[in-house]
Amino acid sequence: MTSVSDILRTMDYGPSPESPAPVNQWLSAHGMRFGHFIDGQFVAPAAGEYFGVFNPATEERLALVAQGGAHDVDQAVAAARQALPAWAALGGHQRARHLYAIARHLQKHARFLAVLESMDNGKTIRESRDVDLPLAVRHFYHHAGWAQLLASEFPAHEAVGVCGQIVPWNFPLLMLAWKLAPALAAGCTVVLKPAELTPLTAIAFAQLCVGVGLPAGVVNIVTGDGDTGAHLVRHPEVHKIAFTGSTEVGRMIRRASADSDKKLSLELGGKSPFIVFDDADIDAAVEGVVDSIWFNQGQVCCAGSRILVQESIAERFGAKLRARMQRLRVGDPLDKSSDMGAIVDGVQLQRIGQMVAAGRAEGLACWQGALEPPACGHFFPPTFLENVPAAHPLAQEEIFGPIVVSMGFRTLDEAVALANNSRYGLAASVWSENVNVCLTVAAELLAGVVWINGANLFDAAAGFGGYRESGFGREGGREGMHEYLVPKWLRTASALEEPESARLHPSAHPEPTAALAAQPIDRSAKFYIGGQHTRADSGYSFAVRSHGGALLGHAGLGSRKDVRNAVEAAHKASGWAKTSGHARAQVLYCFAENLAARADCLVAHLRAMDAISEAAATRQFEQVLERVFHYAAIADKNDGSAHATLTAHVTLAMNEPFGVVGLRSPAQSALLSALSLTLPLLAVGNRVVLIPPAHTALMFADLSQVLDTSDVPDGALNIVFGDSDDLAEVLALHDDVAALWYFGPATGAARMRAASAGNLKSVWAQSRHTDWTAPEQAQGGEYLRHACQVKNIWIPYGE
Ligand code: NAD
């Protein structure tokens with residue numbers, strides 16, 4: 001036994017175990033067997049199947065849990081559907097009371113839930129007690145607030161409906177809170193599927209829902225594996241899927257839900273950079289690594305798993321980190337003096353071990369912290385692989401374990417290039433004492449969250465979510481609420497259909513008509529790419545006809561190659577994103593001025609295309625001008641916000657443009673709709689590749705001449721015509737197109753969603769009839785929100 005004098009000499013922590021007794025009693029009281037929670041009750045699975053849930057630290061079976069099948073999912077969705085009208089009609093204040101009660105009860109049972117989480121997941125009690133539980137509680141309090149303020153803060157919006165929510169095993173209760181709280185605040189009802197490895201806190205939460213008197217059917221919990229999740233995703237009566245998990249499963253879900261207009265948010269994997277400049281506080285940065293990659297055994301989506309360290313300090317930094325990791329205590333998760341607990345499962349442990357072994361076999365320098373061989377359980381020591389090449393799988397793939405790799409950089413630009421050299425874009429940490437360096441790097445990083453001189457900071461008031469293959473959508477804050485709301489008008493809007501006249505009529509041989517013969521010189525409409533009027537790469541053209549079928553002229557027939565050229569030109573116009581809002585506004589005002597000068601020509605096009613009166617065409621044109629003014633006015637006002645998160649922190653929510661965005665505009669009110677969609681994208685700094693409807697090609701060719709005379713930089717707006725859906729699909733498949741807006745029929749929308757599953761770009765597909773003349777439908781916040789992705793930058797202050 002260790003003596004007091006030994007302790008005083010070594011200053012080591014003694015064991016301080018938390019008792020598992022209350023959890024064991026709870027498990028025994030339920031016969032160590034749990035059914036699904038449907039319509040306010042626990043029910044046995046229809047097929048009678050159960051699976052085992054194990055403690056990763058002891059490998060003991062904790063319980064048997066119901067395996068959900070299609071029938072169970074159907075029952076749960078039916079209960080959620082039934083509960084929806086009353087829950088939505090309850091009003092914000094009453095829902096706020098329920099959320100507040102949930103928060104209070106979570107607090108009251110925090111100790112029990114923390115122990116249960118640690119036993120189920122293997123995470124240390126220090127983390128479940130001090131991080132997971134307080135954050136989960138905070139989330140319900142915060143969203144009780146949004147419920148209360150819903151009507152005033154989100155006017156003209158309503159709950160999206162029944163939500164299917166699927167969560168991973170790394171933060172089981174916290175991810176549940178991130179999903180449920182905004183959904184309930186918005187007035188949605190939910191079917192939630194916890195991860196099969198860690199369903200127990202969700203089950204305890206279901207009991208808590210009964211305890212606080214939440215109406216039956218508002219929250220339903222169906223346990224099971226990926227198949228259970230897949231049933232939920234495909235269920236036709238689910239209106240929204242919110243998924244947190246791996247990028248691979250995110251892709252499957254994108255594909256499986258492509259042919260429905262379910263709302264979808266995906267919070268996926270990451271390989272986040274941890275960037276240390278030579279003027280950083282090195283000791284603080286080393287501690288930052290501990291919080292970043294050895295928190296929760298590295299099983300954290302936003303873990304800083306790639307250290308980029310400036311070469312001049314790399315050796316010193318490496319030495320300090322190696323020394324620090326030797327002091328980390330890996331062991332019993334229920335011991336309050338353990339720094340790291342167990343890996344969630346044997347399969348995960350094996351995968352981590354294999355990846356590290358492969359790196360070692362290749363001769364990579366590998367350092368590991370101390371780990372006394374455990375008698376049982378899935379433990380892995382903190383591991384640091386130094387000087388790993390940037391393209392190595394260990395530097396590119398999400399390992400999801402306590403493994404960090406490092407590489408050196410010399411300049412700020414090199415650091416940014418290395419940091420962005422990833423298919424992911426979830427989070428990043430920047431360490432420097434120079435605020436200019438920190439903010440310059442933060443602005444350049446392709447990541448949804450950037451922590452300055454910090455790591456793994458979270459708060460319900462700040463949105464969390466990724467760029468690129470880390471998914472789309474945000475959880476937390478105002479941004480997160482929008483994931484569960486829809487504009488009211490959209491609910492009653494009819495399905496969008498496009499007239500036959502808007503279809504493409506390919507023709508390699510122009511047919512002579514009186515109208516064409518009257519033209520002094522044969523003219524075929526050209527694309528507008530990189531500020532040039534460009535012929536179709538294929539050399540083919542198509543006939544453009546009036547509403548009545550008369551031949552108006554010909555236009556180049558766009559192909560994959562033309563779209564690729566347009567994307568390349570848009571990429572080259574990256575300066576547009578960095579132009580100030582004021583400068584962008586001036587460009588848009590100038591565009592309006594030049595448009596007005598071409599009024600006669602454009603009004604004539606509108607009349608010929610849609611067979612409308614001169615007065616109607618003039619009215620539409622006036623609305624076009626007003627819309628340009630609207631977005632010119634907004635260009636310097638689309639501010640982000642400063643969230644009130646942790647003390648001594650400013651969390652800046654920056655509205656950033658996506659980059660290059662593809663846009664397929666609808667046939668209806670063709671000029672007004674195309675500009676109503678293009679302008680918000682341009683106003684916030686995106687570059688656009690626009691595919692207008694084929695039958696409007698002549699008008700858009702004339703519009704591109706207006707662009708020529710305006711100050712819109714070459715490549716900021718590119719226009720290609722042809723088969724709208726074929727060309728939009730090229731944009732959906734293109735890896736260098738960050739987002740796609742598709743306004744067209746449902747069949748095309750399904751095609752775009754499916755095509756985007758590979759690169760997981762954000763697709764806003766809208767297949768409802770929009771009144772483009774009505775500002776409440778056709779302009780404003782909804783468009784600007786979809787035009788940006790929010791980056792949250794956490795900046796500390798104080799000494
Ligand atoms: P996973 O993708 O294997 O499983 C996540 C959930 O999806 C589980 O509940 C699982 O049963 C379910 N599932 C599996 N196949 C499915 C299918 N075909 N259809 C529907 N549901 C299905 O992920 P995991 O291993 O549980 O968790 C680790 C992953 O989660 C990591 O990649 C991590 O980065 C990610 N993650 C992301 C965030 C974030 O906010 N971005 C947060 C936590 C974890």
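Given the structure is predicted, the values throughout are model-derived calculations rather than measurements. Along the sequence shown, the residues carry numbers beginning at 1.
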Applying side-chain contact (heavy atoms from CB on, under 4.5 Å) to Asp261 and not counting sequence neighbours gives Arg753, Arg768
Contacts of Lys572 meeting salt bridge (Lys or Arg N to Asp or Glu O under 4.0 Å) (sequence neighbours excluded), chain-then-number -> Glu568
| Is the CD atom of Glu776 crowded by more than 12 outside heavy atoms at less than 6.0 Å? | yes
Sequence neighbours excluded, the answer for ring-ring contact (aromatic ring centres under 6.0 Å, His included) partners of His157 is His482
- [ ] Could you tell me whether Tyr783 and Trp764 have their ring centroids closer than 6.0 angstrom?
- [x] yes
Show your working on side-chain hydrogen bond (donor to acceptor under 3.5 Å, both in side chains) between Arg584 and Thr579 and close with a plain yes or no.
CA-CA 7 Å; Arg584 285 201 293 270; Thr579 312; 5.2 Å; no
Residues at least two apart in sequence or cross-chain that pass side-chain contact (heavy atoms from CB on, under 4.5 Å) with Ser580, listed by chain then number, are His582, Ala583
Item to complete: Would you indicate whether the side-chain heavy atoms of Pro666 and Leu677 approach each other to under 4.5 Å?
Response: yes
Contacts satisfying side-chain hydrogen bond (donor to acceptor under 3.5 Å, both in side chains) that involve residues 685-699 (not counting sequence neighbours) are none
Rounding to 0.5 Å, atoms CG (Leu760) and CZ (Arg254) come to a distance of 8.5 Å
Margin query: Within a 6.0 Å radius of atom CD on Glu497, are there more than 12 heavy atoms belonging to other residues, nucleotides or ligands?
Written below: no
Could you tabulate the donor-acceptor pairs under 3.5 Å formed by side-chain atoms of residues 529-536, not counting sequence neighbours?
{"unit_1": "His533", "atom_1": "NE2", "unit_2": "Asp708", "atom_2": "OD2", "d": "2.4"}
{"unit_1": "Thr534", "atom_1": "OG1", "unit_2": "Gln532", "atom_2": "O", "d": "3.2"}

message: Ring of Phe154, cation from Arg478 - is the NZ or CZ under 6.0 Å from the centre and inside 45° of the axis?
response: yes
Per side chain to side chain donor-acceptor pair (under 3.5 Å), Lys179 is matched among Gln165, Glu475, Glu483 by Glu475
